[in-house]
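In each ligand, atom 1 is the first atom listed, and ligand 1 is the first ligand listed.
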Amino acid sequence: MKTTPITNRLLILSVIILFYACSSDNDNESDDNTIDPITCQNPDSSIYEEKDGLVAVEFESIKDHNDWIKENTTTGFLGTHYLVWKDNQFLNAPGNGLLTYKIKISNPGVYRFIWRSRITNGTSGSEHNDSWLRFADASKFYGKKGESIVYPADTGQSPNPNGSSKDGWFKIYKSGPADQWKWQSSTSDNDAHDIFVEFDAPGTYTMEVSARSTFHALDRFALFSENITQNDATNETTPLSEIICD
Ligand SMILES: [Ca+2]
C-alpha cells in the first residue's frame, strides 16, 4: 500500500499517543507506592538497605506479590496498602504464595523481627491470624522467650516450636482481638516466642514469607538490632528502608 502524507501523519500521531499512554501508566505505578524512591529495571533485583541497625519495609512495596491481593479497604494500615492472602490455606505446606524480600545488612549482629498484621475476616482472634516466615541464609533464625529458644523444624536444630513448622519455616501468628492491626510476630502455639535473626557478616540476605491462613493481612515489617527499641522500630514515623538495585 502506498502511504500518503495523511496516513504518515496518522502513524506518527498514533506513535505519540501510544508513547504518552505508556508513560502515564508508569506514572501510575510509581504513584502507587510513594515510599519507593527508585524502580529497578529488574523488579527482582530490589534490595532493602539496613541503616543504623534498622530495616523497616512496607509489605506492599514488593513488585512481585505473587497472588497476594494488594488492598487498601481495611482502614488503619500504614503506607499505601497491605497484602492479604485470599487463595487456598496452606496450614502444613510453606512456600506457596512466596514473597521474597532481599535485605542488605551492613551492621552484622542480632536482629529482632516483627510484623504488623491483621485478621480481615470474622471476629475470632485465633483464625486467619498467621503466615509463614523463613530466613534460610541467615546465620541463625530462632524464637526466644526468656531463656527458652526454639528452632524451625527440618534444620537439624532442636527444640522445635509447638504446632506447625516445616523446612526451616516458622508459623508466625498474632493474638488478641481480630479487628485491630497489631505489631506482633510470635511462634510456638500457646507459648509465644519472639523472633530473632542473626547475621554474622555484612551481605545481602533473603527473607521469605509464604501463605498459611486465608485473610491474614500483612502491613509492614521491621528488623532491629539491640540498640533500638521496639517502639522506635515500629513507630509510624520511622523512616522506611531505602531500596537499591542489585
Ligand atoms: Ca503497608
message: Can you classify the ring geometry of Phe199 versus Tyr205 as parallel (below 30°), tilted (30 to 60°) or perpendicular (above 60°)?
response: tilted
- request: May I ask you to decide if the ring planes of Trp115 and Phe113 are parallel, tilted or perpendicular, using 30° and 60° as cut-offs?
  value: perpendicular
Do [X] and [Y] have ring centres separated by under 6.0 Å?
{"X": "Phe224", "Y": "Tyr111", "value": "no"}
{"X": "Phe170", "Y": "Phe141", "value": "yes"}
{"X": "Phe59", "Y": "Tyr101", "value": "yes"}

- request: Could you walk me through whether Asn231 and Thr229 pass side-chain hydrogen bond (donor to acceptor under 3.5 Å, both in side chains), step by step?
  value: CA-CA 5 Å; Asn231 274 350; Thr229 65; 5.6 Å; no
message: Return all protein N, O or S atoms below 3.0 Å from the Ca ion (ligand 1), chain by chain in residue order.
response: Glu58 OE1, Glu60 OE1, Glu60 OE2, Leu78 O, His81 O, Asp219 O, Asp219 OD1
